[in-house]
2 protein chains.
Amino acid sequence: MDGRHARGVHTRRVTLARAVDIATVDGLEGLTLGRLAAELQLSKSGIFAHFGSKEELQLATISFAEEVFTEHVLRPAFQAPRGRPRLLALFDRWMDFSRARVFAGGCFFTAVMAEFDAREGRVYDVVVRWSRVWNELLGRLISECVEEGHLPEGVDVDQLVFELSALGRAANHDSLLTREDSHYDRATTAVRTRLGASG
Amino acid sequence: MDGRHARGVHTRRVTLARAVDIATVDGLEGLTLGRLAAELQLSKSGIFAHFGSKEELQLATISFAEEVFTEHVLRPAFQAPRGRPRLLALFDRWMDFSRARVFAGGCFFTAVMAEFDAREGRVYDVVVRWSRVWNELLGRLISECVEEGHLPEGVDVDQLVFELSALGRAANHDSLLTREDSHYDRATTAVRTRLGASG
DNA sequence: AAGTTATACGAACGATCGGTCAGATAGTGT
DNA sequence: ACACTATCTGACCGATCGTTCGTATAACTT
């Protein structure tokens, strides 16, 4: 079951890649074994065997999305210099990630957060944990801005975290809903203004 | 079918009230006839007869949520004086509406917008229309702030609409996810700051 | 080449999905 | 009281859900 052969590893990756696309559009609950099997031209039971349960498939899909997000957003952002450049790089990479539709339905975590907001269970728990990690990361980068003298001493870090996250998520949702790109510019503009003048 | 008798009207209202609660937690797609019937102790076919299709049930649920939202948020907000007081009243009522959990899963429209973002069909169409109406309303109230001299002439109305909407929706989602109220204060603080000093 | 194990399949499971229909039950108008 | 119609039920439809299981096929090991 725990993929020793190359064939199994490949199938698992292909399956999860498809699962993430489905989940960002129709939700992790709209993700179904039958549909996955049909689209991948595999048998339902074959896919099922890789995960053991629907919930495990959902959790594996989240893990896969984390990897992709890390590769496309977190890693490149950390190549920018500490302080304001790194914070802005993170935000811009995040917006690029959503805008480029790396996943068919935009940012996976924004979508799944909204879907599991009000629920309970293992998926909810994972989403909460991810949300906390994300906020802590934003908070750390903001604190580094203060340390580097790119933001004033007295700034309310948690408040700023909330606002940046809000703007990014709204840009993602609004661009999906209206099928227009303009909201990303609104978000980056707002972030720049909020962090103080120069780009 | 078009409710002439008092009994039918009542059943329909009770059904939709329950439907809205279910939909804000598990989504309009997670809303099922069987569950609705079980929770209301009615027959599946009895409920079905009121709406004719699942999609019509979803659309009726949206209409019902609109009524409640209008009653709890829009109407009272318009009792505040034109300009800044009315804009702030609208935002505060919105936040109160979410915080009070008038619907079990917070703000219905924030939830459904996120759910149908990336989809297509009649429900998506209605959500897009509602989103546009909401943005136009916000835009109008902001413009009135300018006219009343409560905001400077050159303000970018659409940009402000985006930011206010973003902050409100994020407060709703974050409060649901973390089960804490503090995010509403973050949103109202941010809005006050963004609109300029005094409350 | 043979043996072993990972991988995938196909048929079937009970449960639930949205939806249909004939008939029982209730409410309204006369 | 009667007829009429709105409302609601219960049995049933085909499709799909997640899941199980026995079996075939591939891929590695030796």
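Chain A is the first sequence line, chain B the second, and so forth, proteins listed ahead of strands; every chain is numbered from 1. In what follows, every heavy atom counts, from backbone to side chain, and hydrogens, waters and symmetry copies are set aside.
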d([atom1], [X]; [atom2], [N]) in whole Å:
{"X": "B:Leu36", "N": "C:dG18", "atom1": "CG", "atom2": "C1'", "value": "13 Å"}
{"X": "A:His5", "N": "C:dA6", "atom1": "NE2", "atom2": "C1'", "value": "5 Å"}
{"X": "B:Gln58", "N": "C:dC17", "atom1": "CD", "atom2": "P", "value": "14 Å"}
{"X": "B:Phe51", "N": "D:dT7", "atom1": "CZ", "atom2": "P", "value": "12 Å"}

(request) Tell me what B:Leu57 touches on the nucleic acid: a base, only sugar-phosphate, or nothing, going by heavy atoms under 4.0 Å. (result)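 No contact.
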(message) Classify B:Ser45 by what it touches in the nucleic acid, base, sugar-phosphate, or nothing, heavy-atom distance under 4.0 Å.
(response)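 Contact class for B:Ser45: base.
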(request) Starting from the 5' end of DNA chain C, give me the residue, B:Arg35 or B:Arg7, whose nearest nucleotide shows up first. (result)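 Counting from the 5' end, the first nearest nucleotide belongs to B:Arg35.
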(request) With a 4.0 Å heavy-atom cut-off, tell me which residues in residues 17-28 of chain A come close to DNA chain D, sorted by residue number. (result)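 Close to the strand, none.
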(request) Check the pair B:Arg194 / A:Thr193 against side chain to side chain donor-acceptor pair (under 3.5 Å), numbers first and verdict last. (result) CA-CA 10 Å; B:Arg194 179 63 238 253; A:Thr193 304; over 6 Å; no
Relative to each other, are the rings of [X] and [Y] parallel, tilted or perpendicular (30° and 60° limits)?
{"X": "B:Phe103", "Y": "B:Phe108", "result": "perpendicular"}
{"X": "A:Trp94", "Y": "A:Phe91", "result": "perpendicular"}
{"X": "B:His183", "Y": "A:Phe162", "result": "tilted"}

(message) Strictly below 4.0 Å: does B:Thr11 bring a side-chain N or O up to OP1 or OP2 of D:dC8?
(response)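 It does, given that an N or O in the side chain of B:Thr11 lies less than 4.0 Å from OP1 or OP2 of D:dC8.
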(request) Output yes when at least one side-chain N/O atom of B:Ser43 is less than 4.0 Å from OP1 or OP2 of D:dC8, else no. (result)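 For B:Ser43, the contact criterion (side-chain N or O under 4.0 Å from OP1 or OP2 of D:dC8) is not met.
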(message) I'd like to know if B:Lys44 reaches the base of D:dG10 with its side chain, counting only an N/O donor and acceptor under 3.5 Å.
(response)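 Between D:dG10 and B:Lys44, which were checked side chain against base, a qualifying N/O pair under 3.5 Å is absent.
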